[in-house]
Structure formats: C-alpha cells, structure tokens
Participant: 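What follows is a single structure, and I will ask about it in a moment.
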Amino acid sequence: MLPCYVLLDLETTGGNATRDRITEIAAVRMEGGLEVARWSTLVNPEAPISGFIEQLTGISNAMGANAPCFGDVANQLMTLLKGAVLVAHNVRFDHGFLLHEFERAGTPLRIKTLCTVRLSRLLYPQFKSHGLDAIMQRHGINTSARHRAMGDVEVMQSWLTQAQAELGADTVQRHAQTLLQSSAALPPQLETPVADIPDTPGVYLFYGESKLPLYVGKSIKLRSRIMSHFQAAGRNPREMRIAQDIRRIEWQPTAGELGALLLEARLVKELQPLHNRQLRRESALCAWRLDANPAARPLLTLVRGKDLQPQAFGSLYGPYRSKNQALLHLRELAQAQGLCLQALGLESGKGRCFGHQTGHCQGVCCGEEAPQRHHLRLQLALTSHKLQVWPYAGVVGLREHDPRTERTDIHLFDQWCHLATVHSDDELADALHTRTHAALAFDLDTYRLALKHLAPGSRSGVQRVLLG
C-alpha cells in the first residue's frame, strides 16, 4: 500500500483526548508490503476505567493498574513509528490521543497520518457505511477480539489484504497516495492532521511554540478555510509567516455563522493573537453625546470607556474606534452641513467663528441662526450614526441549528451585549442568573452583529426568541 506504514489501534478510557487516557496499544509495522514488527501492550491510564468501557473492551481497573504507564513505553512506540505513516481507522481519534500522551511524556510527535475510513470511502464508494463493523460484515472478516487493540489492527490488516486482492495493489496504493498528497500544501512541521478538522461552521486557532495563538479565524467551512491559508502562503507575506511558525491547530465548532462570528470576536479580544488586527480590544472606543439644550456649549461631549453604556444610547452617536476618528468625522459633518465648529466644541473663542467668516457656518455663533435650528440640523446630520436603543423588554435569544451535525446554539443578548451561548435549559437558567449580577460591557463588533440580527425589521434568517 505504502512503502512504510504502521497499522495502529488504541483502547482508551473515553473519547476525549484531552481528558481521557490510553489503556491499550497495538501496532503492526509494514515495510515493502511485508510485516516486520508486531507489538502490543496494556497501559496504566492513571485514571479510573468505567464499567461501560470495561464491558466494551474487557480491560479492567486491575489490568490497568498492573500495566506500565505510557511514559514507560513511549520510546518503544516512537521507535516503531519512526519513518512510517501512521495508519488507523478514524486516525483522528488515535492520533489525538498519541499527541497528548507524547506531550505529557515530553516527546513531541510529528508523523504523517492516513485514515482507513477515508481510504475505504475512496475504494468502495458504493457503500454507505465504512465503520470497522460494516467493513467486517461486507468483507466476511471475523475476530474474537473486537474492541481490543490487536484484534482491531488485525481486522484492518485483513481488510487491506482483501482490498488489494479485489481491486489491485496499484489501485489501493494510488488512493492511499492521493490521501497523503492532499495535504501537500501543509507546513511540514504541522502536528495536527487537517483531515481531522470538520468542514462545518466554527472557529479555528493557529498555535506556534507559544501558548498564545498566532491567529484566530472563523468560517462556515473550517477545513476549507484553513487549507486556504496554507495555499496562499506563497503569495501572501502574512500567510507565509503563519505557515512558518505554526505547529498545531485547535478548533471549536458552532451551529452557524453568527456563533462563529461571536466566538471569534471574543477569543481575539481575550487572547490578542499576533496576526489578528481587525478585532483587537478597543480600549479607546468612544461616542458623541448630544446635549438636549440647543444653547449649551459645547453641544457635543465625548463619552468613552465605562461611560459608554447601552442604556444611554438614546443620546449617543457613533461609535468610533478612537478620539481622532470621532473628531475627524465631526469636522467632516460640520464642513458638509455648515455647522458651527465653535458650538460643537471644535474651536475655542467667542463671537463669530472662523467658519462664519469663510462662509462655512450659518452664524449660530453670532446670532444669525437660531440655536434651535442649528441644533436640529446637527441632529439630522448625526441621525445615521445614532446608537440604537435596545428595542426589547429583556433578554433575547437567537437560535442557530446545523442539521448536518444536529448542533443547536442559542445566543443570548441584552442591551446589544452578548451574554452567553447556551445549549440546554440548565445553561440558560445559569446565564440569566449571572446576567443579574454582572455589568454589561459594550463591544462594537458584537453591537454590529446584534444590530444586524435584532434590530426591528431585520431579516437575518436566524430564529429570534424573547426570553424576558
């Protein structure tokens, strides 16, 4: 099939590679079509084995307690894997566990992988199911050690032998090489198999050697978007720097694009990735407050930081990412609408302003225009920038559902602020309770997202639910 590969299977205490541990390893090394090594061992998971797992695999807590820890067999396994392609059924599962175990043992694992589930789909597209039990049934393969590591390895080995006999060794080799070459654009030092990443909505995080991410992004098709980064590395300097520095990828699925956008905005502000610029924390965020009194001077004052509260949006205009941006925009409005810079607080002095002398001010500063009329013109000029008052009596939920994954996210908003994303009634109750004890923090990016989906008359396609 391939010049050198290792068929491998693991038994574990559960399905979460970050939390659960390995209980058994089996591996068969193939070189030039011949088996050259065979090895298996129980592993002490240093964690309890549940009754369900013991019933499924036959591996008990007593068996695990008497076995070596992973660190004791790590070197032996690494020697077996050296120079080979790691081949497993649903290789993402096994590779994920090995990455975490080798990391705990202080030895990074860098190895190419090939999934026999994906290979089966290429070789036998006429079949719908490609799980190990389905393969055994349609190919007449039997084992007395199903759900034991070496038993499952031997099933894979028998299936590959049959596939080569039925379809030809060249065909099997060609499809195996296709799966390997599909990752040719990937950085060679990348530890995460991109094939393991789902092509569903979510957020992805690129990591280098540091614990802080290099980059955080979102997409409605995670794997495709990630691959586009690497394919652009030869053309884009930033993508090239990321490709040179990246070591691993993490991802967090969502039910849809809105959830991905909200999660991306939060993670960028929390983690401050090196290569993200658009969504960084905005400590200088500000808005203009218009005084209700037409005779007040100045008519506008700059509001920023903790004073930028959604409850006061009825008299606020903006927002702006900086004081300079706010001043520049106000000067442009004054120029376009003939407003008085002195009344706006952009020019000091009394009596006729400089703009009136040059014909750009209608004279509110010297009594030629009524303050009420100037105030009304200013309001009209600012109308499109008025911050929207929260139009609901309480918390609103936006429901997203992905029929492909059956995932449902409910995004909770109040006063244009994102409270939480929940998935159950208990989480909803906790989020609503927490809301009563925490101040709402305004965020420009979240406000713009919420405005698109929650403003009266908006038709975003996301289901809206008033929660009170």
Side-chain angles (χ1 to χ4, degrees), residues 187 190 192 194 197-198 200-230 232-233 236-287 304-306 308 310 318-322 324-325 398 400 407 409-422 431 438-454 460 462:
L190 182 64
T192 305
V194 173
I197 302 172
T200 54
V203 169
Y204 55 94
L205 300 92
F206 290 164
Y207 285 90
E209 300 291 352
S210 170
K211 292 183 179 180
L212 294 176
L214 298 167
Y215 183 80
V216 174
K218 64 86 189 171
S219 179
I220 58 172
K221 291 187 175 183
L222 283 172
R223 185 172 62 249
S224 300
R225 178 69 185 99
I226 288 167
M227 285 301 298
S228 72
H229 280 280
F230 303 133
N236 185 298
R238 186 188 69 164
E239 301 290 9
M240 180 175 291
R241 288 194 297 273
I242 291 175
Q244 289 171 342
D245 295 338
I246 194 171
R247 292 296 181 273
R248 61 187 178 88
I249 304 170
E250 293 182 0
W251 62 93
Q252 297 183 35
T254 63
E257 185 178 20
L258 175 60
L261 286 164
L262 289 167
L263 181 57
E264 178 194 31
R266 179 174 66 80
L267 290 176
V268 169
K269 291 177 176 66
E270 287 179 359
L271 303 176
Q272 296 285 286
L274 177 64
H275 293 285
N276 285 92
R277 306 203 184 278
Q278 292 291 327
L279 298 174
R280 293 286 189 93
R281 190 180 301 279
E282 294 168 332
S283 57
L285 203 63
C286 55
R304 65 181 81 191
K306 63 181 181 180
L308 194 61
Y320 305 95
R321 295 187 184 274
S322 67
N324 286 340
Q325 187 185 53
L398 289 174
E400 282 189 299
R407 180 187 177 96
D409 292 342
I410 301 176
H411 313 293
L412 307 182
F413 289 86
D414 191 14
Q415 299 293 331
W416 304 115
C417 298
H418 179 221
L419 303 179
T421 295
V422 301
L440 297 176
F442 177 74
D443 175 78
L444 175 57
D445 301 298
T446 303
Y447 170 71
R448 287 173 173 168
L449 283 172
L451 199 62
K452 177 181 178 181
H453 293 276
L454 289 168
S460 65
V462 179

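Positions are given from 1, in the same order as the sequence printed here. In this text the structure is predicted, and so the values were computed from the model without any measurement.
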Participant: Which atom names give the shortest non-hydrogen contact between A243 and P187, and what distance separates them?
Facilitator: O-CB, 3.5 Å
Participant: Distance from R448 atom CZ to L261 atom CG, nearest 0.5 Å?
Facilitator: 13.0 Å
Participant: Give, for atom CG of L258 and atom CD of E400, the distance between the pair rounded to the nearest 0.5 Å.
Facilitator: 4.5 Å
Participant: I'd like to know if R248 pairs up with E250 as an ion pair, taking the criterion as any Lys NZ or Arg NE/NH1/NH2 lying under 4.0 Å from an Asp or Glu carboxylate oxygen.
Facilitator: yes
Participant: Please lay out, stage by stage, how W251 and T200 fare under the test side chain to side chain contact (heavy atoms under 4.5 Å, CB included).
Facilitator: CA-CA 11 Å; W251 62 93; T200 54; over 6 Å; no
Participant: Run the side-chain contact (heavy atoms from CB on, under 4.5 Å) test against Q244 and tell me which residues pass, sequence neighbours left out.
Facilitator: M240
Participant: Closest approach of A260 and V203, non-hydrogen atoms and distance?
Facilitator: O-CG2, 3.3 Å
Participant: Identify the heavy atoms of P319 and A287 that sit nearest to each other, and give their distance.
Facilitator: CA-CB, 4.4 Å
Participant: For residues 219-226, which side-chain donor-acceptor pairs fall under 3.5 Å, sequence neighbours excluded?
Facilitator:
residue, atom, partner, partner atom, Å
S219, OG, K221, N, 2.9
S219, OG, K221, O, 3.0
R223, NH1, I197, O, 2.6
S224, OG, D199, OD1, 3.1
S224, OG, D199, OD2, 2.8
R225, NH1, S228, OG, 2.5

Participant: Starting at OG1 of T192, measure out to CG of L190 and round the result to the nearest 0.5 Å.
Facilitator: 5.0 Å
Participant: To the nearest 0.5 Å, tell me how far L212 CG sits from L274 CG.
Facilitator: 10.0 Å
Participant: With sequence neighbours left out, write down each residue that passes side-chain contact (heavy atoms from CB on, under 4.5 Å) with L451, or none if nothing qualifies.
Facilitator: Q388, W416, Y447, A455
Participant: Apply side chain to side chain contact (heavy atoms under 4.5 Å, CB included) to residues Q252 and L267 and explain how you reach the verdict.
Facilitator: CA-CA 11 Å; Q252 297 183 35; L267 290 176; 4.0 Å; yes
Participant: At their closest point, which heavy atom of A431 faces which heavy atom of L412, and how far apart are they?
Facilitator: CB-CD1, 3.6 Å
Participant: Do side-chain atoms of T254 reach the backbone of G259 as a donor and acceptor pair under 3.5 angstrom?
Facilitator: no
Participant: Can you confirm whether I249 sits close enough to L205 that some side-chain heavy atom of one is under 4.5 Å from a side-chain heavy atom of the other?
Facilitator: no
Participant: Report yes if the side chains of L214 and P273 come closer than 4.5 Å at any heavy-atom pair, otherwise no.
Facilitator: no
Participant: So, using side-chain contact (heavy atoms from CB on, under 4.5 Å) as the criterion, who are the partners of T421 when residues are at least two apart?
Facilitator: D409, H411, H418, H423
Participant: Measure the CD-CZ distance between E209 and R247 for me, rounded to the nearest 0.5 Å.
Facilitator: 4.5 Å
Participant: The criterion is salt bridge (charged side-chain N to carboxylate O under 4.0 Å, His left out); which residues satisfy it with E257, sequence neighbours excluded?
Facilitator: K218
Participant: With the side chain counted from C-beta on, respond yes when L444 and T446 share a heavy-atom pair under 4.5 Å apart, and no when they do not.
Facilitator: no
Participant: Are L398 and F413 close enough, and set up right, to give a side chain to side chain contact (heavy atoms under 4.5 Å, CB included), and what steps lead you there?
Facilitator: CA-CA 8 Å; L398 289 174; F413 289 86; 3.8 Å; yes
Participant: Can you sort out the partners of H229 under ring pair (Phe, Tyr, Trp, His ring centres under 6.0 Å), two or more places apart, ordered by chain and number?
Facilitator: Y204, F206, Y215
Participant: Report yes if some heavy atom in the side chain of C417 is under 4.5 Å from a heavy atom in the side chain of P310; otherwise report no.
Facilitator: yes
Participant: For the pair D445 and K269, find out whether any cationic side-chain nitrogen is under 4.0 Å from an anionic carboxylate oxygen.
Facilitator: yes
